[in-house]
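Order of the sequence lines fixes the chain letters, A, B, ..., with proteins taken first and strands second; residue numbering starts at 1 for each chain.
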Amino acid sequence: MPTAIEVLFPLPLPPFRYLVPFGERPGPLGGRVVVPWQSGVRIGLVVGVDEVSAGRSLELREAIGWLDQEPFLPEIHTAFLLEIAGYYATPAGLVLAAMVPTGFKEKLVHEIQAVKRAAIDDLPEDLWVEAARLPVEKLELYRSQGLVLERVRVQERQRRVLRAVRPVDRNLAGRAQANQRCALEMLLTYEWFGSAAELSREAGVPESSVRALVRKGYARYEEVPSPPPALPQVLPSEEGFEAAKEPLDLSIRSSLTGGNRRERLGALVPNLVRETEAGRGCLVLVPEHALLEETASLLAAVLPVEVVSGELSDDQRARLWRELPLGPPVVLVGTYLALFAPQRPLGLLVVLEAGNASYKLASGPRMFVPTVAARFAERLDIPLVFTSALFSPEMSQLVSLEGRKHLAYKRLRYHVSDMSSTRSWPLSTDLVKVLKQVGERKRQAVMLTPRRGFSGGLGCRACGWLGSCPNCDLPLRYHRRDAILRCHQCGASRRPPDECPKCGQVTLVPFRGAGTEWFFSAVKKILPDVPVFRLDRDHQDPLEELHQGEPGILVATTAAFRRAPLPDVGLIVVCLLDTHLNVPDFRAEEETLRLLLELPELVKDRLPLTLLQTFSPSHPVCEVVRAKDLDAAVDAFVERMCARRKAFGYPPFSHLAKVQFSARVSASALQAAERFVASLEIRGARAEEVIGPTPAPVGRIKGFYAQQVFLKAAEVERFRWLLEGVKDAGSGVRVRIDVDPREVNEFLD
DNA sequence: AGCACGCCGACT
DNA sequence: GTCGGCGTGCTC
């Protein structure tokens with residue numbers, strides 16, 4: 001029986017089948033193989049081997065050859081890719097692309113020759129020629145007749161340089177050729193230049209003179225091997241960083257909560273030191289690039305550190321992957337891209353800020369990185385630590401009681417300001433009072449606003465008309481400074497009308513929640529002499545003055561958490577807590593509490609007064625932060641959240657997936673969703689396992705109407721079985737699956 | 001993801 | 001009359 005291999009590519013596709021190269025053995029799982037692909041060739045990963053019938057084998061193309069002697073990826077990793085793809089109901093190739101960020105996009109040199117005595121007139125024997133010499137159909141024909149030999153190797157990194165071909169001669173002797181002569185002499189002295197522009201700069205001659213040298217044959221461009229790219233240098237942080245003295249007594253899976261970001265990292269330093277000294281590498285995952293630099297530079301003060309993130313070029317990653325296994329053990333700090341980095345042996349896996357929303361990959365395989373990391377650590381049988389301000393129900397499923405480590409919370413003084421008992425908007429009378437104090441004492445304040453722009457909308461006070469997006473069922477956000485209405489979902493924008501399009505009156509006013517612009521101008525009005533800074537996605541004021549301790553007020557979205565802490569903050573304001581609490585998601589309350597517990601991370605030393613503006617001052621979250629014993633109150637809150645999730649069958653006590661059907665025609669989306677639910681019933685789904693279809697909370701986005709169905713199952717096998725029922729929904733309807741959705745109401749593009 | 005094929009608007 | 005927009009479909 002012929003042998004076939006299953007080959008995976010870094011593309012949104014499942015593995016494809018090829019025949020083993022003629023006369024060769026299947027090769028190991030996790031090896032790289034070169035195969036014909038459309039009209040060319042490409043690199044894939046062998047993820048399976050099986051026998052196929054002789055008849056079936058006729059339909060398969062033959063692989064061309066192996067790329068490495070040793071497996072490129074250990075077998076454990078290879079199997080893990082497929083497992084993760086299965087759980088997230090995503091093509092395995094997407095997981096490969098996300099987890100193995102190097103090794104599959106190399107340029108290839110593909111050469112062919114005729115087999116002995118094939119007597120093909122358009123292909124030589126005994127001489128390798130570029131495959132591109134032959135038209136694709138010809139090559140395909142000769143392949144099927146077994147008339148052609150093929151070989152492929154990786155093209156080494158090259159760069160184009162300008163080199164001299166012959167010396168100055170009398171054709172360059174004239175006065176008119178002075179510039180060319182000068183450039184050629186310089187080129188002869190230094191052997192080569194990276195470009196004509198570079199040479200012209202160095203020689204101080206116009207670029208046209210250099211080009212003339214090339215045209216006249218005195219110089220030419222050549223491809224030469226280029227040196228490996230430099231890796232980013234991690235500069236040790238100059239700031240003092242309090243590392244703990246003794247290692248924590250960690251379990252195979254642990255959590256570290258409480259304190260603040262730096263304290264949590266500091267508490268783990270002795271463990272990282274111990275591992276590297278024992279000759280094992282450590283992996284420290286961060287949720288996003290913004291946290292990478294801070295983390296890496298703090299650790300670099302005491303440990304050997306390397307970094308990996310999407311910011312590295314392909315060549316830099318290739319170099320790191322090549323060199324990591326050869327060098328001494330390091331602490332590798334990176335985003336999810338670092339998870340499969342070839343550090344062997346690995347002694348400890350740390351997932352920093354495990355509750356951070358950025359760990360949910362928004363595109364590609366919609367994986368939740370902490371979950372993936374936990375399964376991976378389990379497979380490799382190495383210890384794992386989650387750190388987070390707040391212990392989460394998800395952690396409670398993974399971490400045993402002995403594994404739970406806690407640092408006491410920084411206790412802030414909270415003041416809750418009831419917006420329903422104040423007439424001033426958007427600054428309550430309490431807030432005006434404390435802001436004035438901050439101004440008088442020349443201190444700093446941070447105000448966290450729920451959104452960017454001026455207001456949640458622009459509407460008519462007379463008739464209630466509200467400007468909304470032509471593509472989405474959403475109000476257009478009002479950006480006063482740019483004098484524009486903009487959709488925060490699809491980006492559509494338009495000029496605000498001068499009068500109400502509905503009733504014609506000139507009574508258009510900002511509606512709904514205030515954003516950074518509104519708070520900015522409100523603060524300016526009451527404190528005209530205090531510098532006010534704005535920070536959000538649209539607008540970033542330089543903050544050097546604040547970082548140097550100058551007085552001022554920072555009005556920001558949660559973008560403030562991605563900046564270094566400020567030195568002299570006397571006041572933190574959560575401008576409208578309700579916006580966070582009212583996010584229609586079962587995690588909203590926890591996320592709000594997390595936000596409040598992370599507030600100390602905005603400030604350097606002294607703990608400021610924290611003022612929460614809200615219409616629901618007795619909300620449990622407000623009660624928790626005002627409790628005498630904060631640590632106990634948070635514990636009790638998390639217990640309640642766990643109990644609630646258990647009662648309603650939410651994760652982590654069940655597996656949850658959102659299946660979204662979207663179409664330009666509203667009825668087709670609904671119809672497809674209903675068909676899906678009907679098919680689930682035929683599969684034996686129980687009533688409590690299927691919720692929906694329901695129209696998405698924002699009914700239309702970018703011109704697409706969306707319907708969603710939620711799938712819930714206690715056991716993972718059953719969950720996967722139900723999810724396999726998702727089929728193509730027919731033309732005009734897009735189906736998207738999000739396993740373990742973090743934002744239940746997010747539109748899946 | 002790329003890449004080809006295919007059908008409707010603004011131009012040499 | 002053509003260039004080019006991106007919708008749809010395919011890759012062993």
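Under the rule for a ring-ring contact (aromatic ring centres under 6.0 Å, His included), A/Tyr18 has no partner lying at least two apart in sequence or in another chain. Among residues two or more places apart in sequence or in another chain, the ring-ring contact (aromatic ring centres under 6.0 Å, His included) test is passed with A/Phe80 by A/Phe376.
Remark: A/Arg734 is not positioned above the aromatic ring of A/Phe661, lacking an NZ or CZ atom under 6.0 angstrom from the ring centre and at most 45 degrees off the axis.
The separation between A/Leu96 atom CG and B/dA1 atom P is 14 Å, rounded to whole Å. Between the P atom of C/dC12 and the CZ atom of A/Arg143 lies a distance of 10 Å, rounded to the nearest Å. Atoms CG (A/Leu13) and P (C/dG9) sit 15 Å apart, rounded to a whole Å. Look at CZ on A/Arg17: it is 16 Å from C1' on C/dT11, rounded to the nearest Å. To the nearest angstrom, P of C/dC12 lies 16 Å from CD1 of A/Ile43. Regarding A/Gln38, its CD atom lies at a distance of 11 Å from the C1' atom of C/dG9, rounded to whole Å.
Considering only the side chain of A/Pro12, B/dA1 comes nearest among C/dT11, B/dA1, C/dC12.
Inspection of the A/Asn356 and A/Ser358 side chains reveals an N or O donor paired with an N or O acceptor under 3.5 Å.
Among the atoms of the strands shown, only primed sugar atoms or phosphate atoms (P, OP1, OP2) are found under 4.0 Å from some heavy atom of A/Pro36. Heavy atoms of A/Arg61 sit under 4.0 angstrom from primed sugar atoms or phosphate atoms, though from no base atom.
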